Amino acid sequence: MSCWMLVSFFLRQYWEPLWPLCARGESWVSMMEALGEYLDGKKESEEDQSKSYKQKEESRLKLAKLLLCGTELVTNIQVAIDIREIHRRVEEEDIKRQRIEKLENEVKTSQDKFDEITSKWEEGKQKRIPQELWEMLNTQQLHCAGLLEDKNKLISELQQELKKKDDQYVKDLKKQSDDICLLLERMEEQVKNVMKTFREELYHIEKAFEVERQELLASNRKKWETALQAHNAKELEYLINRMKKVEDYEKQLNKQRIWDCEEYNMIKIKLEQDVQILEQQLQQRKAVYQLNQEKLEYNLQVLKKRDEESTAIKSQQKRKINRLHDTLNNLRSKYAKQIKQFQEENQSLTLEYKRLVTQFKELQKAMRHFALIDDEKFREIWLMNEEEAKDLIARAFDVDRIIHTHHLGLPWTAPDFWFLKNVGPISQQPQKSAMQIVEEMLLRTEEEEAEEAASESESYLDLPKQISEKTAKRILMLLCDESGFLIESKLLSLLLPLEQSECYLLRLDAIFSALGIESEDDLYKLVNFFLQYRAHHLSSSLQSKPCSQASVEEAGVEGTSMESELELAERTEMQGEKEENLVEGKKEKEKTPPSPWVIHPNDVLKILEAFVMGLKKPRDSRAPLRVQKSVRSKSKDSEYWQALTTVIPPSRLNLWDALYTALEKYHLVLTQRAKLLLENSSLEQQNTELQALLQQYLTAKINSELQVPPTQVLRIPTK
Amino acid sequence: MQDTVTTSALLDPSHSSVSTQDKSSTGGHTSSTGPQPSKPSSITPVPAKSRNPNSGANFHRMRRIIAEDPEWSLAIVPLLTELCIQHIIKNFQRNPILKQLLPEHQQKILNHLSPNLPLAVTANLIDDENYWLRCCMQRWPVCHVAEHGGSWKRMFFERHLENLLKHFIPGTTDPAVILDLLPLCRNYVRRVHVDQFLPPVRLPAQPQTGDRSDSGSEGEMEEPAVDHYQLGDLVAGLSHLEELDLVYGVKDCGMNFEWNLFLFTYRDCHSLAATIKACHTLKIFKLTRSKVDDEKARIIIRSLLDHPVLEELDLSHNLIGDRGARGAAKLLNHSRLRVLNLANNQVRGPGAQSLAHALAHNTNLVSLNLRLNCIEDEGGQALAHALLTNKCLTTLHLGGNELSEPTATLLSQVLAINTTLTSINLSCNHIGLDGGKQLLEGMSDNKTLLEFDLRLSDVAQESEYLIGQALYANREAARQRALNPSHFVSTITASGPENSVG
């Protein structure tokens with residue numbers, strides 16, 4: 001085994017250096033090939049040169065073949081060695097296998113022998129007799145020696161083989177070196193061959209090219225010469241032609257010259273004549289020219305003067321223009337100034353106007369205010385005067401009464417006049433607004449309801465007499481409930497927290513404003529309209545009834561009946577259990593057919609529509625009415641005042657006069673009596689006073705002192 | 001005289017006539033002036049080489065103009081610039097002045113610098129190819145600059161580094177020798193090609209040399225001590241490294257052969273794997289003739305999984321078996337590998353099957369080499385099946401794989417369908433006569449295959465010849481296509497009759 005490795009190893013060791021050589025050879029070959037191909041390529045470009053191309057193709061093929069054969073020849077050695085190596089390997093494997101088999105056999109046999117010997121040792125141990133033992137030992141020794149000999153033999157065999165292999169190795173080395181030499185030789189030979197052939201081929205190709213070139217040169221030269229000859233011949237021909245032409249042309253020239261000369265002369269004569277004529281004309285022209293020149297000069301002078309003039313005018317005009325421009329500018333500035341001024345004025349005037357308007361408005365306001373105040377004052381004065389008058393009248397009446405009762409002993413009745421009851425100015429009967437009425441009405445009805453008073457029959461309204469208050473209220477409530485759409489939604493939301501009555505009030509306010517109901521009259525109209533509508537409706541429905549005496553036309557009657565009807569219904573509804581009413585109601589029912597007292601809510605809108613349509617017309621004629629109102633009052637005033645003065649009739653005055661005179665007489669008598677009485681009393685007084693004085697003197701001390709006391713003297717008289 | 005003529009003719013053939021005229025005129029002069037016509041012929045090359053006008057003063061007195069020496073001037077005293085340049089050249093090692101000079105002067109200096117200057121001075125300073133050309137020519141008699149990307153500087157550094165690595169003995173050589181070079185060569189080395197790694201020298205060196213004949217078995221016992229140079233530091237330092245071509249073995253050992261000279265230890269393997277994994281610029285990795293077995297191959301391949309740029313992997317002439325082949329198959333679909341070479345290993349049927357499985361849907365691999373393995377019909381059929389679906393592979397080498405007729409029948413189907421394959425090698429197999437016929441049938445439908453090697457594979461000569469004709473037709477067609485790609489269709493139609501004629 002080791003031998004085989006050894007040999008194979010050495011084979012490699014000594015073969016390897018060959019490969020590069022081979023490779024080098026191949027590379028050389030390939031280089032040559034490349035060279036050949038290059039030459040080929042070079043030649044290929046001149047493909048049209050068939051001869052050289054052929055030669056080149058030929059040599060290329062030849063060279064390719066040569067190269068192929070050469071490389072094959074060189075590589076043949078490698079291949080041969082390869083196959084030799086393969087054979088050797090196969091053989092080596094065989095030998096190796098045999099050797100291993102042999103060794104295994106040997107191992108087996110020797111093992112057997114060894115086993116035999118060892119088994120005999122066991123036997124030997126049992127032997128007791130020395131001779132036998134000795135014998136046995138001898139035989140054992142012999143066996144061992146045999147075994148050893150076998151082994152030695154084997155070893156020597158193997159060593160011999162090794163030696164053989166060594167020899168083989170040396171031989172192989174030699175062989176390989178020989179091979180290498182051969183290879184080198186072949187390569188060199190190949191290289192030489194290739195070089196030689198290449199050179200030859202190159203020579204051939206060059207020769208072929210040379211020949212071709214020569215041929216080409218020859219042929220070209222021939223061509224050239226023939227062409228040159230042809231050219232020369234043509235040149236000659238051309239020359240001759242040319243000369244001929246030259247002669248022709250010369251002849252023609254001569255002819256032409258003669259002809260030209262003649263013509264020249266003729267023309268010359270003609271032209272000279274022309275010149276003469278032209279000279280004459282020139283003279284004429286010159287004369288004309290001079291004349292013209294003079295004329296023109298004169299014209300020029302004139303024109304120059306004119307020009308000067310025109311320049312002067314021009315300058316004047318220019319100056320004028322300048323001036324006008326100045327004035328224009330001045331005017332413009334003035335104009336602008338005026339515009340400004342007027343604008344300012346305008347502004348101030350507008351301001352003033354505005355101020356005046358405001359003033360006017362204020363004045364109006366003041367006027368209104370004063371009118372109001374005047375009204376008020378008027379009213380107050382009126383009232384004051386009235387009061388005064390009434391006081392006077394009352395006094396007069398008192399006086400009259402006293403006279404009548406005390407003096408005349410007649411019964412006295414107070415005279416009854418309309419104007420006595422009047423309070424305030426007559427014409428200014430206040431026109432209450434619809435709302436006020438409604439408010440009052442509502443308040444009143446509420447009060448009534450709260451009291452539950454049965455005194456419904458009492459009607460305090462200034463309402464048209466036919467309509468009771470309750471009915472009106474009903475209608476208004478209905479209206480309020482049904483025509484909520486006329487009220488603004490904002491208002492509704494605001495109304496929520498308020499009391500019911502207030503709520504109704506405000507709602508009605510909104511509805512009236514929407515419908516255009518402003519005054520009391522309108523309100524009554526509305527209520528009436530409702531009632532009428534109902535009546536109409538009812539009548540139309542109740543026409544067939546025999547007991548319906550009320551005609552449709554008679555609105556008043558119908559109204560009253562309706563009123564009663566409504567009142568009845570109201571009553572039945574509100575206090576339906578009250579018997580007396582029930583009886584009354586029955587009585588009433590007999591009179592008029594029973595009917596639902598309520599206006600159906602669905603009809604409310606229709607009624608309203610009709611009402612609004614009807615209301616439109618009277619409204620237009622409203623504005624002038626107002627003015628009349630304020631004017632109208634005066635006649636009545638004077639009348640009123642006049643009436644006031646004639647409270648006491650003239651007959652009574654006469655009576656009073658008579659009475660007066662009588663009383664005066666009576667008074668006179670009485671005064672005389674009074675005077676007498678007075679005298680009487682004064683005389684009494686004097687008497688008493690004199691008595692007092694006498695008393696005093698009598699009682700005085702002086703009396704005592706005095707020789708003759710007066711007292712004594714006098715006492716007696718006094719007593 | 002003739003000498004000058006030939007040199008000038010070599011230099012510039014167009015001037016040759018002028019120079020000859022010149023010569024003749026000068027000849028005329030010389031004949032008029034003097035007695036030594038033979039002398040100048042011996043001297044003429046001297047000024048050209050030494051570039052010292054003074055040395056040829058004698059000659060210049062006779063000749064006014066020398067056409068072939070561009071630096072010749074009438075001035076007898078050299079210019080100051082000339083003197084300065086001479087001085088700079090002389091002291092370049094101590095005081096390198098180059099970049100500050102005018103381009104023409106730079107050129108002059110570079111032309112005259114000695115190639116023996118220390119690398120520390122020149123490496124990063126001089127980019128001039130001519131200088132490095134001279135350096136290379138001085139050191140090595142044979143230079144293939146094409147193998148080094150056409151750059152003489154790169155070639156110089158790569159070969160210099162290769163030399164150092166080749167003669168590096170672990171334990172005795174100072175590793176600084178290589179690491180010192182690293183900053184100088186890091187920008188120029190793209191390829192590291194080392195075909196031998198010396199093992200460390202063991203202490204009993206004398207006895208080893210004495211009885212080397214039977215030390216083969218002993219050597220194997222001391223394996224742990226024979227690690228080679230660790231490339232990690234070096235490769236990490238080389239920023240432009242693209243190719244790594246390594247052989248863990250000793251060259252030219254001859255009869256001093258020892259097994260332990262050719263050990264690729266596990267430590268070597270691990271460090272190498274880490275090195276190539278860290279090197280993200282690596283495009284080509286070759287590890288040949290290094291006794292890489294399955295385990296080591298798997299270690300290396302694992303480190304190459306998902307490598308960003310790796311394009312070529314060459315593990316030929318090793319001991320890789322089926323497991324290693326399976327690893328390589330996995331690598332095919334986890335990298336951008338374009339070339340895979342597993343020639344002369346121990347891949348058998350299962351390994352080839354796994355490779356075929358990976359190949360079936362691979363879109364990167366262009367070339368696959370399984371020469372001198374033993375995949376047999378089992379693996380061959382699997383590969384043929386894979387090629388029915390593969391649309392990328394162009395080169396397939398299955399020489400020496402014990403293939404026989406069944407593979408050939410399948411391959412004939414492949415030939416009829418596949419349009420990417422251009423080269424197949426089935427040499428040294430047992431295709432047999434019938435297999436050859438079937439391959440011929442397959443070939444008749446193929447228009448793309450250019451090479452088909454069937455040598456020594458028991459194919460009838462007639463079918464081999466016919467296959468050769470078909471290949472020839474294909475090659476012609478390919479040539480036509482390459483010459484004028486625009487007339488692709490027409491050339492194919494044109495090649496039809498040619499084919500029938502062939």
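Throughout, a chain's letter reflects where its sequence line sits, starting with A, and its residues are numbered from 1. Fair warning: this is a prediction, and the values are worked out from it, not measured in the lab. Quick note: numbers below take in every heavy atom, side chains included, and nothing from hydrogens, waters or symmetry partners.
With a 6.0 Å radius and a threshold of 12 heavy atoms from other residues, nucleotides or ligands, A:Lys151 has its NZ atom above the threshold. Summarising the local packing, CD of B:Glu462 is surrounded by 12 or fewer heavy atoms from other residues, nucleotides or ligands at distances under 6.0 Å. Counting heavy atoms of neighbouring residues, nucleotides and ligands inside a 6.0 Å radius, atom CH2 of A:Trp224 does not exceed 12 of them. Remark: A:Glu200 CD is packed, more than 12 non-hydrogen atoms of other residues, nucleotides or ligands lying under 6.0 Å away.
Taking all atoms of both residues into account, the shortest heavy-atom contact from B:Asn345 to A:Arg89 is O-NH1, 4.4 Å. Between B:Arg479 and A:Glu57, the shortest heavy-atom contact is NH2-OE2, 4.0 Å.
Side chains of A:Leu61 and B:Glu476 form a contact here, defined as non-hydrogen atoms less than 4.5 Å apart.
Residue A:Leu68 holds its CG atom at 8.5 Å from CD of B:Glu451, rounded to the nearest 0.5 Å.
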Under the side chain to side chain contact (heavy atoms under 4.5 Å, CB included) criterion, do B:Arg371 and A:Gln78 qualify, and how do the steps go? CA-CA 12 Å; B:Arg371 189 172 69 91; A:Gln78 185 203 341; 3.5 Å; yes

Set out, in order, the CA-CA distance, both residues' side-chain angles and the distance that settles side chain to side chain contact (heavy atoms under 4.5 Å, CB included) for A:Arg84 and B:Leu456, then state yes or no. CA-CA 11 Å; A:Arg84 211 187 301 148; B:Leu456 295 178; over 6 Å; no

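Interface summary for chain B: among A:Val90, A:Ile86, A:Val79, A:Val170, the most heavy-atom pairs under 4.5 angstrom belong to A:Val79.
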